[in-house]
> 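This is the structure, below, for whatever I ask next.
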Amino acid sequence: MAKIGLDIGSSSLGWFINKNKKGVITFETGMSKGQSGGYTSPTKDRREARSKRNLIRARKYRKWELLKVLLNDYVPLNEVELNEWCHYQKGRRRKFPESEKFLKWLACDFTYQEGEKYKNPYELRVKALDETLSKHELGRALYHLVQRRGYKDIGETDQETEKQILRRGESGFQNALDTNRTIAEALATEFLDKGERARNQYPYREEYKNELELICKSQGFSVATNEKGDYSDVFVKNLWKAIIWQRPLKSQKGNIGKCTLEPSKLRCPVSHPAFEIFRALQFINTIKYFDANNEKQSINKELKDKLFKNVFLKKDSNFIFEDIKEFLNKETKTINKYNYPINPKNNQYETSVAGMPICKSLVSLFGDDIQKALLDIEKFNIGNAPKVINEYSIYDIWHIVFDFDEQHLGKFAVEKLGIENVTRKRKGEDVSISPLVELKRKFLQGYSDVSLKAICKIIPFLKEGYLYNEAVVLAKIPELMGNDWKSSQQIILDILTESNKIYQEKSTIASISNNLIDKHKGQTRAMIDGSEEQVFAYKDFSYLLKDDDIKDVKNACISYFGENSWNKVKDQEQLIQKVGLEYQEYFFDHKRAYRKTDTLTDIFKSLLKEKNITLTGELYHHSNRENLYNKNLEVNFKTGEKYLPKYKDTEIEILPIPFIDSIKNPMFNKSMSIVRKLLNELIINGEIDQETEVTVELARELNDNNLRAAIERYQKERRDNRDKIRKFLQQYNDEENRTINVEDNISLFELWTEQIFEETEDESNNKIQNKNRLDILREKEDVKRYELWTEQKGQCMYTGKMISISQLFSNEIDIEHTIPRSILPDNTSANQTVAFSKYNRDIKGARTPFYCENYSKDTPNGTSISPRLDSWKKLRDYYKIQYETRRRAKGAEDENTKNKRIQDKHYYKLHLNIGTIN
């Protein structure tokens, strides 16, 4: 059976079949370089550019709408001129009005009607507060107001908002507003009159609305509102709509994904109370404690119910498992250990647990009636749920909060539910706000994987204590069985228990078998020189397990359970025999595939069939995922068989274009497209087929923008350094009349430079001084750099002897593997050093440095190895400190600062992982 290895990166694809069939494909990534040093998606760039265009267009539309209101009386513009500017006609360009009066009106010069000429529109807006303006003056003040309508304060507390609020105070704008009536008056008196810039002061939309009302009132217009909150004066209402009003955002309902269990249903929002209950019960059912025999035991149903009501239902944010531990220990009056990790630093359970912010807020707001409705939420839907608050059900209330905007939500709370506004402190001021608006602001964005319908079917079984995968299997049975469910319920539950037992046993056998298979496959892959035949049972499909193999099986079983747990396993010999049979089947298998096991759902359905229980429909499966490739395949509708596409006019089947609408990462999509093209080319050429085993190594940086930037930075440094080394070696050949292969010896030279220490002692304890190798690499002049390299002396880490540049390229020196390849098949520079060949071959051999005779003491063969490691340890510690100090933010960060910190963190981590200092 053929094998192919794929190493998939963000801009390269390496492939290997054997030493004669291998290659590397480089390609442009699906991303473009960002300003902060990382990558950015072209889709994101287009979206941001489109947003800017839309913002400019929206401002233009607001101007046009206002001009329609002001037309004739308040602006020297007629309808024809305005239409030529704002209405597009094919074949005719828009024409900006260029009449003399309109241009003077824009310049605040009203001398064309024997009026005044103003420095700027701010003067007009301030004057409008106390004096009656002419209609054209008022129109110009309003036209200036429409160009900026301020930021709508929705109570956000993100970093950018906090930064802008802070800037209001630092610039003096907030103080100016406190001592003046309007934005225009504050900017004119405190900024423009003092020669300072008036823009970019972060005014709020409410402040613009306040100024509009003051101007209208001063100019004789009524700003009274009717019962609906609309202005009674039509002119003022039209001004408000043109200047302040913003249309509601478009619904994104069409973009919501479909449920993985009910494909026709939309996914449930994570803010829905039913989802919070569903999530909490899932977690509660996983909690186990260790008994006196150190065996895991589930907590009882009574404790689970108390935990749900007294802990989860009272948490409005995430909390740690330590809170659960304290509650359970208090209730049981015992101190137990639980199946979650403990932080050794403070001896606490720090696993994060999701709270129930929406459920808690609903209970706090409406009391016990809502809590009772929440506890039975899965029994009803929006059509039949009982009314609990003023003829509204729990479903009604959630949908109203979810769908209404804040303005209408506040009115609904007062008028329909009788909930009055409360006073909160915000930015140092008392603010009146509706509790329903506060609740809406707690709604998290996002959707679960499953629909509300599926959640309501699963919750009853979660309440009975079943784990999620078991509850999912049972969830649809009551619907499928109808009236027969109650009479057959206990039998079916017993069958599920038996199914789970069989599933766990088969999963254990498969896991142990696959560990053995992994080991065998690893031995095969380690023979990268093409000598796979040296591995036992290679292509021998009649191979029978030997005594040594049976010992390996037994050891694998013990290793899987651990010695203490293994001693408690019943029927040890039977388990060893079953694992052995699976391992034997692997060797008989021409595909040499990993062993698989039936799913819990398949086992359950099989046992149901044995008991003559028939289900008219498909059960749920917790890990069910649709094969997206199938969407693009040709189908035989008579048989249901699907066919792969064929290459041109041949019968050769190739890989189709995958359906990847659910994958949004453009870099990943680009890499996968290149993989498909490569594999299809190899299929067409007959190098691989459907029997070929594929091993994939996927670069993590495909999904991490900052990691890619750090890797690029690290690789660029190495490329630059290698270029300098290449120049040195070329010059060395010329100067010393040598013929060393430059490219083959770059790695050797790099290892040598890493063994150049500024201060060290040779084998005779003589002091040796060298220049810092990084300082040499930073030297810009090639000649100077050449002179410095020739003066340096590296040091053999094993003998302590110095290695000159002339010795480096002689037979005296070996590149040796620190951990021998017979122990670890690692051929990277991290596992290599340069050493004197005599010591490497005659003394070190296949041992690690620790077991060498001179590791901790001087011997005739070399001085002590251990002290020479101190320089590398210092360098390692330096990189470790740099990495650790960048793992977390030290305070508020903007996006660029955050990205720089994360990139540096990855960069220093690369030095720790890749360098020779571990």
Side-chain angles (χ1 to χ4, degrees), residues 259 262 265-285 301-317 353-404 408-420 422 434-444 447-448 450-466 471 475 478-479:
C259 172
E262 294 275 357
K265 300 294 182 181
L266 297 178
R267 298 183 178 189
C268 177
V270 295
S271 60
H272 200 288
F275 174 77
E276 290 190 344
I277 294 169
F278 168 73
R279 180 177 60 192
L281 292 174
Q282 279 187 67
F283 189 88
I284 290 171
N285 290 343
K301 189 175 186 305
E302 183 183 358
L303 266 180
K304 289 179 179 180
D305 291 341
K306 287 182 178 180
L307 182 60
F308 177 81
K309 293 176 184 177
N310 298 324
V311 177
F312 279 80
L313 206 51
K314 294 182 178 180
K315 297 290 185 180
D316 57 2
S317 61
V353 185
M356 302 176 68
I358 307 307
C359 290
K360 189 209 170 189
S361 297
L362 286 169
V363 173
S364 300
L365 198 55
F366 299 108
D368 292 340
D369 289 340
I370 280 289
Q371 181 165 330
K372 291 176 183 177
L374 288 172
L375 295 178
D376 292 330
I377 195 169
E378 76 280 3
K379 298 177 181 178
F380 306 99
N381 57 48
I382 194 169
N384 61 14
K387 310 302 180 184
V388 288
I389 304 294
N390 291 10
E391 300 303 314
Y392 292 97
S393 70
I394 181 69
Y395 282 93
D396 295 331
I397 292 171
W398 180 84
H399 274 283
I400 287 166
V401 177
F402 186 78
D403 289 328
F404 279 25
H408 292 91
L409 193 57
K411 290 180 183 178
F412 174 84
V414 174
E415 297 172 3
K416 301 295 184 181
L417 301 179
I419 300 175
E420 298 295 333
V422 294
S434 169
L436 285 191
V437 171
E438 288 186 311
L439 175 60
K440 184 179 181 69
R441 292 178 180 178
K442 291 181 180 179
F443 277 28
L444 296 175
Y447 294 83
S448 69
V450 292
S451 64
L452 181 60
K453 180 180 178 181
I455 286 173
C456 289
K457 289 181 179 179
I458 296 169
I459 284 177
F461 296 100
L462 292 175
K463 285 185 174 180
E464 291 300 317
Y466 289 100
E479 177 188 314

> Check residues 276-283 and write down every donor-acceptor pair under 3.5 Å in which the side-chain atom is one partner and the other belongs to a residue at least two apart or another chain.
unit_1	atom_1	unit_2	atom_2	d
E276	OE1	I358	N	3.3
E276	OE1	C359	N	3.0
E276	OE2	I358	N	3.2
R279	NH2	G355	O	3.0

> Give a yes or no on this: more than 12 heavy atoms of other residues, nucleotides or ligands lie within 6.0 Å of atom CG of N384.
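Enclosed.
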> Between K315 (side chain) and P357 (backbone), is there a donor-acceptor pair under 3.5 Å?
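No; judged by distance alone, with no hydrogens or angles, the pair does not exist.
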> Between K301 and D305, does a salt bridge (Lys or Arg N to Asp or Glu O under 4.0 Å) hold up when you go through it step by step?
CA-CA 6 Å; K301 189 175 186 305; D305 291 341; 3.3 Å; yes
> Crowded around K387 NZ? As in, over 12 foreign heavy atoms under 6.0 Å?
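Check passes, neighbour count above 12.
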> Flag the pair I394 / F380 as yes when at least one side-chain heavy-atom distance between them is below 4.5 Å, and no otherwise.
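No. Closest side-chain heavy atoms not under 4.5 Å.
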> Relative to the ring of H272, is the ring of Y395 parallel (under 30°), tilted (30 to 60°) or perpendicular (over 60°)?
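Because their plane-to-plane angle lies in the 30° to 60° range, the rings of Y395 and H272 count as tilted.
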> Restricting to non-hydrogen atoms, name the atom on S434 and the atom on L409 that form the minimum distance, rounded to 0.1 Å.
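The answer is OG-O, 4.5 Å.
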> Walk me through whether L436 and K440 qualify under side-chain contact (heavy atoms from CB on, under 4.5 Å).
CA-CA 6 Å; L436 285 191; K440 184 179 181 69; over 6 Å; no
> If every non-hydrogen atom of L266 is compared with every non-hydrogen atom of S451, which pair is closest and at what distance?
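Taking L266 first and S451 second, the nearest heavy atoms are O-CB, 3.1 Å.
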> Any chance you could measure L417, atom CG, to L365, atom CG, to the nearest 0.5 Å?
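Result: 8.5 Å between the selected atoms.
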> Which atom names give the shortest non-hydrogen contact between F461 and A471, and what distance separates them?
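That closest heavy-atom pairing would be CB-CB, 3.8 Å.
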> Nearest 0.5 Å please: distance from the CZ atom of F404 over to the NZ atom of K411.
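Nearest 0.5 Å value for the CZ-NZ distance: 11.5 Å.
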> Quick one: salt bridge (Lys or Arg N to Asp or Glu O under 4.0 Å) partners of K306, sequence neighbours excluded?
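Checked K306 against salt bridge (Lys or Arg N to Asp or Glu O under 4.0 Å); matches are E302, E331.
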> Show the nearest heavy-atom pair for residues C259 and R267, with the distance to one decimal.
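Minimum heavy-atom contact is N-CG, 3.9 Å.
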> To the closest 0.5 Å, what do you measure between CH2 (W398) and CD1 (I382)?
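Between atom CH2 of W398 and atom CD1 of I382 there are 9.0 Å.
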> With rounding to the nearest 0.5 Å, note down the distance linking OG in S361 to CZ in F366.
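These two atoms lie 10.5 Å from each other.
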> Closer than 3.5 angstrom, by distance alone: can the side chain of D316 be matched with the main-chain N or O of K360 as a donor-acceptor pair?
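Absent.
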> What pair of heavy atoms forms the shortest contact from V363 to I370, and how long is it?
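Closest approach of V363 to I370, heavy atoms only: N-CG2, 4.1 Å.
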> So that I know where these two stand, are Y392 and F412 an aromatic pair - ring centroids less than 6.0 Å apart?
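They qualify: ring centres under 6.0 Å apart.
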> Supply the atom-to-atom distance E262 CD to L452 CG, rounded to the nearest 0.5 angstrom.
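These two atoms lie 11.0 Å from each other.
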> Are any side-chain N or O atoms of N285 and backbone N or O atoms of L462, one a donor and one an acceptor, separated by less than 3.5 Å?
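Side chain of N285 to backbone of L462, a donor-acceptor pair under 3.5 Å: yes, one is there.
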> So, using salt bridge (Lys or Arg N to Asp or Glu O under 4.0 Å) as the criterion, who are the partners of E464 when residues are at least two apart?
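With neighbours one apart ignored, the set is empty.
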> Mind listing the closest non-hydrogen atom pair of A274 and I459 along with its distance?
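Reported closest heavy-atom pair: O-CD1, 3.7 Å.
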> Quick one: NZ on K309 to CG on L375, what's the gap to the nearest 0.5 Å?
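Reported to 0.5 Å precision, the distance equals 5.5 Å.
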